[in-house]
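Reviewing the structure listed below.
Below, chains carry the letters A, B, ... as their sequence lines are ordered, and counting in each starts from 1. Since we're looking at a predicted model, the values are computed, not measured.
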Amino acid sequence: MNYKLNNGNICLNMDGDFIISQTLECGQCFNFNKIGEENYIVTAFGRALHIYSTDGSIVFEDTTQEEFEKIWVDYFDLNRDYGKIKDLLSAKDETLKKALEYAPGIRIINQDFFQCLISFIISQNNRIPMIKKVVSNLSKKYGEYIKTVEGEDYFSFPTPEKLYGISGNELMECKTGFRGKYIADAVTKYVDGTLNHKNFNNLTTKEVQALLMGIHGVGPKVADCVMLFSLKRSDAFPADVWVKRIMSYFYFDQKDTPIKDIHSFAYEKFGEYSGFAQQYLFNYARQFKIGTGKDA
DNA sequence: ATCCAGGCCCGAT
DNA sequence: ATCGGGCATGGA
């Protein structure tokens, strides 16, 4: 990764391994607002980052070198060599190769654990635009005002302490639907220490998944997303309807296959990079509606 | 209008 | 252990 300071902005050159739109809009995070082509505001860790690309480089505006190195390098996984991962995965499989060529600029974001947990609780049986809306509603109601960009106000995602004690019913005012009580349980367990992700380091991915599933409303899929997108568990393989479809379509002779079989197949084929493979496959499946009967 | 969405809970088998 | 209905909400 090489970057330079330019008029107070950070300019980054990633040789095509980082395309902002692909990274933000591939379904892994919900805390961004598009204000133009390859031009976004991303809220995370209490900041609202203006990020855009121009002349082949990526510009981080309104940030400092300190903030960039402390927050955004890890957030956008900038120290990881994606060229290497893509080569490795492309060599394994033709389907994956196509998925990688379709969206070569996806990087796996390292999100804040709490925000990621709540976001993916909201994601269940929901659609991405609606998930974004609910995350935004919660931020506006319970988060802190950060700043206004082009007439739009940006708020931080609420802290666990701020949400503590708020009932599921009250949370439903933010359009969480039936997931309000699930959020309330996650908040309670986070704040009272029943669930402490800082104690997860020496546990296997399977063990962490089981702990996360101790939350009422967190099942295997949401737990996998939280592990992949906020706990650096790249072997987690979230299998939702799209992943189930594309895996069934390409690897199981188009036959509807149980999640359990898909999981064991994925881990055997993709190993510790299962999570990366999953994200490229998910994106590919969703774009081309693979396995829905409407696929091209 | 009916169906469904980056699922999970719960009760019935 | 596995299966199906129900669930808030809003867009197609």
Side-chain angles (χ1 to χ4, degrees), chain A residues 22-32 99 103 106-109 111 115-138 140-141 166-189 195 209-231 233-234 236-249 256-264 266 274-295:
Chain A
Q22 292 180 1
T23 292
L24 293 176
E25 309 221 36
C26 71
Q28 62 176 326
C29 65
F30 311 101
N31 53 317
F32 61 89
I106 293 178
R107 308 179 73 82
I108 298 296
I109 289 181
Q111 302 175 41
Q115 175 168 352
C116 187
L117 172 62
I118 303 302
S119 297
F120 278 96
I121 286 175
I122 295 165
S123 79
Q124 64 183 97
N125 203 43
N126 214 343
R127 297 181 194 211
I128 289 175
M130 192 60 193
I131 303 166
K132 292 186 69 193
K133 192 73 195 290
V134 176
V135 167
S136 165
N137 290 344
L138 287 170
K140 274 185 186 135
K141 185 160 183 185
I166 297 172
S167 70
N169 274 338
E170 192 175 340
L171 291 167
M172 286 178 76
E173 291 171 15
C174 293
K175 305 302 178 190
T176 62
F178 61 90
R179 312 160 194 86
K181 55 185 179 293
Y182 300 159
I183 296 171
D185 190 57
V187 169
T188 302
K189 289 188 164 75
L195 186 78
Q209 187 193 44
L211 289 178
L212 290 170
M213 287 171 64
I215 297 169
H216 188 62
V218 174
K221 190 271 175 184
V222 169
D224 280 342
C225 285
V226 173
M227 291 192 292
L228 178 60
F229 300 131
S230 76
L231 295 174
R233 298 280 176 158
S234 60
F237 188 86
D240 73 318
V241 286
W242 289 108
V243 172
K244 189 169 183 286
R245 281 176 195 145
I246 192 171
M247 294 290 285
S248 296
Y249 190 89
D256 188 13
T257 304
I259 299 282
K260 181 168 64 70
D261 298 341
I262 287 177
H263 260 120
S264 44
S274 295
F276 290 88
Q278 177 277 153
Q279 199 57 27
Y280 296 108
L281 289 170
F282 168 77
N283 183 255
Y284 192 63
R286 204 161 64 98
Q287 296 306 319
F288 293 102
K289 304 187 187 311
I290 291 169
T292 60
K294 297 178 182 175
D295 45 294

Query - Protein-nucleotide distance (A/Met172, atom CE; C/dT9, atom C1'), rounded to Å - result: 9 Å
Query raised in the report: Taking the side chain of A/Val222 as heavy atoms from C-beta outward, which of B/dC8, C/dT2, B/dG6 is closest to it?
Result: B/dC8
Query raised in the report: Expressed in angstrom and rounded to an integer, what is the separation of A/Asp224 atom CG from B/dC8 atom C1'?
Result: 14 Å
Query raised in the report: Would A/Trp242 pass as stacked on B/dG6, i.e. its ring centre under 5.5 Å from the base's six-membered ring centre and planes under 30° apart?
Result: no
Query - A/Lys181 NZ - C/dT9 C1' separation (whole Å) - result: 13 Å
Report summary line: By nearest-heavy-atom nucleotide on DNA chain B, the more 5' of A/Asn126 and A/Gly217 is A/Asn126
**Report entry** side-chain contact (heavy atoms from CB on, under 4.5 Å), paired with A/Ile183, selected from A/Ile122, A/Ile215, A/Leu117
**Finding:** A/Ile122
Query - Working for side-chain contact (heavy atoms from CB on, under 4.5 Å), residues A/Lys221 and A/Ile259 - result: CA-CA 10 Å; A/Lys221 190 271 175 184; A/Ile259 299 282; over 6 Å; no
Query raised in the report: Given that A/Arg245 and A/His216 both sit by DNA chain B, which one's nearest nucleotide is further toward the 5' end?
Result: A/Arg245
Requested in this report: Check every atom of B/dG7, B/dC10, B/dA5 against the side chain of A/Lys221 and return the nucleotide holding the closest atom.
Outcome: B/dG7
**Report entry** SB check A/Asp256 A/Lys244 (cutoff 4.0 Å)
**Finding:** yes
**Report entry** Nucleotide B/dG7, atom P - distance to CG of A/Leu212 in whole Å
**Finding:** 17 Å
Query raised in the report: Donor-acceptor pair under 3.5 Å: do we get one between A/Asp240's side chain and the base of B/dA5?
Result: no
Requested in this report: Tell me what A/Lys175 touches on the nucleic acid: a base, only sugar-phosphate, or nothing, going by heavy atoms under 4.0 Å.
Outcome: sugar-phosphate
Query raised in the report: How is A/Gly27 classified with respect to the nucleic acid when contacts are heavy atoms under 4.0 Å: base, sugar-phosphate, or nothing?
Result: base
Query raised in the report: For A/Lys132 and C/dG10, what is the distance between atoms NZ and C1' respectively, to the nearest whole Å?
Result: 16 Å
Query raised in the report: Do the ring centers of A/Phe120 and A/Tyr182 come within less than 6.0 Å of each other?
Result: no
Query raised in the report: Does the gap between the ring centers of A/Phe288 and A/Tyr284 come in under 6.0 Å?
Result: yes
Query raised in the report: Can a donor-acceptor pair under 3.5 Å be found between the side-chain atoms of A/Arg179 and the base atoms of B/dC8?
Result: no
Query raised in the report: Does a nitrogen or oxygen in the side chain of A/Arg127 sit under 4.0 Å from OP1 or OP2 of C/dA8?
Result: no
Report task. Identify whether any heavy atom of A/Val243 sits under 4.0 Å from a base atom; if not, whether one sits that close to sugar-phosphate; answer base, sugar-phosphate or nothing. Result -> base
Query raised in the report: Contact class for A/Glu173 vs. all strands (heavy atom < 4.0 Å): base, sugar-phosphate, or nothing?
Result: nothing
Requested in this report: Nearest whole angstrom, please: distance from the P of C/dG10 to the NZ of A/Lys133.
Outcome: 8 Å
**Report entry** Distance, rounded to the nearest Å, where A/Asp256 contributes CG and C/dC3 contributes C1'
**Finding:** 14 Å
Query - Residue among A/Asp224, A/Ile108, A/Leu228 satisfying side-chain contact (heavy atoms from CB on, under 4.5 Å) with A/Gln278 - result: A/Leu228
Query raised in the report: Atom CE of A/Met213 and atom C1' of B/dG7: how far apart are they, to the nearest Å?
Result: 11 Å
Report summary line: Of the candidates B/dG7, B/dC8, B/dG6, the side chain of A/Pro220 sits closest to B/dC8
**Report entry** Sugar-phosphate only, base, or nothing, as touched by A/Pro129 at under 4.0 Å among non-hydrogen atoms
**Finding:** nothing
Query raised in the report: At under 4.0 Å between heavy atoms, what does A/Arg286 touch on the DNA or RNA strands: base, sugar-phosphate, or nothing?
Result: nothing
Query - Pairwise P distance for C/dA8 and B/dG11, with rounding to whole Å - result: 15 Å
Report task. For C/dA12 versus B/dG6, give the span between their P atoms, rounded off to a whole number of Å. Result -> 13 Å
Requested in this report: For A/Tyr182, report the nucleic acid contact type (base, sugar-phosphate, nothing); a contact means any heavy atom under 4.0 Å.
Outcome: sugar-phosphate
